[in-house]
Amino acid sequence: MNAILVTGGAGFIGSNFIRLVISETDLSVINLDALTYAGNLENLKDLESNPRYRFVQGRIEDSALVEGLMKEVDACVHFAAESHVDRSIKDAQPFLITNCLGTQTLLDAARSTGLKRFLHVSTDEVYGSLGGDDHPFRETDPLLPNSPYAASKASSDLLVRAAYKTHGLPVIITRCSNNYGPYQFPEKLIPLMTINAMEGRPLPIYGDGKNIRDWIYVEDHCRGLLKVLESGAVGEIYNLGGECEKTNLEIVEAILERLDAPRSLITFVKDRPGHDRRYAMDISKVKEELGWTPKVDFEEGISTTIEWYKANRDWWERILSGEYMRYYEEHYGGLS
Ligand code: NAD
Ligand code: TYD
């Protein structure tokens, strides 16, 4: 493998992945990204003049564009997506266009260009929600998505599966748990709470705050993706996760403690409709077959993340001054 196409590489996980690939492999990377509200070229500023990196602005639903780009590469790592559950509750349409139609467009282009490997980056949310005593999700569990976001990702997983079964396309699917780390857009739990706590603003916790997520540091996820890209078996699904279940309240408390901010900032707000109670991943398959395990424990990962948001105020202030603030106003009726 010499060159890869990364879709959605200007977003949170994609930008961390590209940085890892450039620093730890000899691969060249083409980054195709539409630069939606979540895409930000600042995330990869340090790579702008690297001869092994090229950015192309465009949408994954543009078949002529993606076909042309796929002719230049051996593999595609597909991150591009509408990724935020709350937005999908408000308007599911963009999720279907990018996550479903966009994925099918990439699969069609991969087939017509004879691409050697297509790695589809998916999520634990496709499995639905766990009860407290349920075993963590396994790759063989049924897909029971509950939010429009999760349903659109589950649909894309099935389109990828169908391309493998019907056309023999060399696909692999990974499903990962909740990521956190540098460059995460501040609509997601950890960056939102970190920034609000730094600014002395209320921390809006949905419902009772006891919903559980399995948290993984983004670099661990990216290392897992690289491992699967290099040695995963075609047609397989691999769960990735942090083996780190925490309630949302535990996450917020960890942030408050590190920022020395008062608990009184915690504000319980109306629950998210259809709010999944618990996610947790069984990652024994990827451990046993590919030898990957997450390395960064939560204490280290959350401290590094908070330090990054402290040191990169310019990055998030630029975001907050525009689109995100309008979104926040619409959803939570302002900050007061
Ligand atoms: P993100 O929202 O930060 O980034 C998405 C990127 O895709 C942005 O740069 C955006 O501009 C680009 N994009 C959106 N629509 C596009 C289109 N039609 N054409 C081209 N580019 C487009 O998302 P993220 O958190 O980095 O997630 C990346 C992928 O990983 C997604 O597929 C998501 O479902 C999956 N995932 C995320 C998590 C998580 O915790 N964030 C966990 C598991 C899986
Ligand atoms: P989020 O970061 O949106 O990821 P996902 O919904 O994909 O898991 O949310 C993580 C958890 O935090 C989820 O249970 C919803 C909750 N949450 C809040 O309580 N308040 C918030 O403002 C946000 C954004 C999320």
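Counting starts at 1 for both ligands and their atoms, following the listed order. For clarity, every value in this text was computed on a predicted model and none was experimentally measured.
Close approach to S83 involves these atoms of ligand 1, each under 4.0 Å from a residue heavy atom: 1 (P), 2 (O), 23 (O). The T123 neighbourhood of ligand 1 comprises atoms 43 (C), 44 (C), with distances under 4.0 Å to a heavy atom of that residue. Short contacts between ligand 1 and Y149, defined as distances under 4.0 Å to a heavy atom of the residue, involve ligand atoms 33 (C), 34 (O). Listed by number with element, the atoms of ligand 1 under 4.0 Å from a non-hydrogen atom of T98 are 15 (N), 16 (C), 17 (C), 18 (N). Under a 4.0 Å criterion applied to the non-hydrogen atoms of H84, ligand 2 contributes the atoms 3 (O). Residue S122 approaches ligand 1 through these ligand atoms, each under 4.0 Å from one of its heavy atoms: 43 (C), 44 (C). Under a 4.0 Å criterion applied to the non-hydrogen atoms of K188, ligand 2 contributes the atoms 2 (O). Residue contact check: E125 has heavy atoms under 4.0 Å from atoms 5 (P), 7 (O), 8 (O) of ligand 2. Within the listing of ligand 1, atoms 31 (C), 32 (O), 33 (C), 34 (O) sit less than 4.0 angstrom from a heavy atom of K153. When each atom of ligand 1 is checked for a heavy atom of N178 under 4.0 Å away, the hits are 40 (O). Near F12, meaning under 4.0 Å from any of its heavy atoms, are these atoms of ligand 1: 3 (O), 25 (O), 26 (O). Below 4.0 Å from some heavy atom of V85 lie the following atoms of ligand 2, by number and element: 6 (O), 7 (O).
Hydrophobic clustering, with ILVMFWY side chains joined whenever heavy atoms are under 4.5 angstrom apart, groups W308 together with I190.
Residues K295 and E219 are not paired through a salt bridge, judged by the lack of any N-O separation under 4.0 Å between the basic side chain and the carboxylate. Between E243 and K287 there is a salt bridge, since at least one side-chain N of the basic residue sits less than 4.0 Å from a carboxylate O of the acidic one. A salt bridge links R54 with E72: the distance from a Lys NZ or Arg NE/NH1/NH2 to an Asp or Glu carboxylate oxygen falls below 4.0 Å. For E245 and R213, the salt-bridge test fails: no basic side-chain N is under 4.0 Å from an acidic carboxylate O.
Contact annotation: for N178 versus ligand 2, heavy atoms closer than 4.0 Å belong to the side chain alone. Only the backbone of E187 comes within 4.0 Å of ligand 2, counting heavy atoms alone; no side-chain atom from C-beta on gets that close. For L35, every heavy-atom contact with ligand 1 shorter than 4.0 Å involves the backbone, none the side chain.
Among the atoms of N211, none of the N or O lies under 3.5 angstrom from an N or O of ligand 2. On a distance-only criterion, D276 and ligand 2 share no N/O pair closer than 3.5 Å. For ligand 1, the polar-atom distance check finds an N/O of T36 within less than 3.5 Å of one of the ligand's N/O atoms. Residue I205 has no N or O atom closer than 3.5 Å to an N or O atom of ligand 2. Among the atoms of R272, some N or O lies under 3.5 angstrom from an N or O of ligand 2. Checked against a 3.5 angstrom limit, the closest N/O atoms of P204 and ligand 2 fall inside it. Annotation: N179 places an N or O atom under 3.5 Å from an N or O atom of ligand 1; distance criterion only. Looking at ligand 2, you'll find an N or O of H275 within less than 3.5 Å of one of its N or O atoms. Considering backbone and side-chain atoms together, N248 places an N or O closer than 3.5 Å to an N or O of ligand 2. For I13, a nitrogen or oxygen atom sits less than 3.5 Å from a nitrogen or oxygen atom of ligand 1, counting backbone and side chain alike.
Considering only non-hydrogen protein atoms, atom 4 (O) of ligand 1 sits nearest to G11 CA, 3.4 Å. When only non-hydrogen protein atoms are considered, atom 19 (N) of ligand 1 lies nearest to I60 N, 3.0 Å. Protein heavy atom in closest approach to atom 20 (C) of ligand 1: A34 N, 3.3 Å. Closest to atom 5 (C) of ligand 1, if we only count protein heavy atoms, is A81 O, 3.5 Å. The nearest protein atom to atom 8 (C) of ligand 1, hydrogens excluded, is given as D33 OD2, 3.5 Å; this is a heavy-atom distance. Here the protein heavy atom with the shortest distance to atom 18 (N) of ligand 1 is E61 OE2, 2.7 Å. Ranking protein heavy atoms by distance to atom 43 (C) of ligand 1, first place goes to C176 O, 3.3 Å. When only non-hydrogen protein atoms are considered, atom 29 (C) of ligand 1 lies nearest to F79 O, 3.2 Å.
Figure legend: cation-pi geometry between R272 and Y206 absent, as NZ or CZ is not positioned both under 6.0 Å from the six-membered ring centre and within 45° of its axis. At least one cation-pi condition fails for K188 and Y180: the charged atom is not both under 6.0 angstrom from the six-membered ring centre and inside a 45 degree cone around its axis. With Y53 as the aromatic partner, R19 does not meet the cation-pi criteria of under 6.0 angstrom to the ring centre and within 45 degrees of the ring axis.
Between L229 and L225, every side-chain heavy-atom pair lies at or beyond the 4.5 Å cut-off. The side-chain heavy atoms of Q184 and V218, taken from C-beta on, include no pair separated by under 4.5 Å. A 4.5 Å side-chain heavy-atom check between P182 and Y217 finds at least one atom pair inside the cut-off.
Side chains of W315 and N43: a donor on one and an acceptor on the other come within 3.5 Å.
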CA sep, side-chain torsions, deciding dist, call: N239, V286, side-chain contact (heavy atoms from CB on, under 4.5 Å): CA-CA 7 Å; N239 280 352; V286 70; over 6 Å; no
Worked verdict on I4 versus D74 for side-chain contact (heavy atoms from CB on, under 4.5 Å): CA-CA 6 Å; I4 60 172; D74 307 293; 5.8 Å; no
Test log, rule side-chain contact (heavy atoms from CB on, under 4.5 Å), inputs I212 and Y279: CA-CA 6 Å; I212 292 171; Y279 303 144; over 6 Å; no
What verdict does the side-chain contact (heavy atoms from CB on, under 4.5 Å) test give for T123 and C176, after you've listed the backbone C-alpha separation in whole Å, the side-chain angles of each residue and the deciding distance to 0.1 Å? CA-CA 5 Å; T123 164; C176 190; over 6 Å; no
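Not a single heavy atom of T7 sits under 4.0 Å from any atom of ligand 1. A heavy-atom separation below 4.0 Å is found between S177 and ligand 1. Within the 4.0 Å heavy-atom cutoff, S15 does not count among the residues contacting ligand 1. Not a single heavy atom of F185 sits less than 4.0 Å from an atom of ligand 1.
For the side chain to side chain contact (heavy atoms under 4.5 Å, CB included) with I173, the lone residue among L158, V228, I237 that qualifies is I237. Of the residues R175, K285, R117, the one that meets the salt bridge (Lys or Arg N to Asp or Glu O under 4.0 Å) test with E236 is K285. Under the salt bridge (Lys or Arg N to Asp or Glu O under 4.0 Å) rule, R258 has a single partner from E300, E253, E307, E299, which is E299.
Between the choices L189, L192, D271, T267, the shortest heavy-atom distance to atom 10 (C) of ligand 2 belongs to L189.
Between the CG atom in N2 and the OG atom in S28 there is a gap of 7.5 Å [rounded to 0.5 Å]. Summarising the geometry, atom CG belonging to D62 is positioned 10.5 Å from atom CD belonging to E67; distances are rounded to the nearest 0.5 Å.
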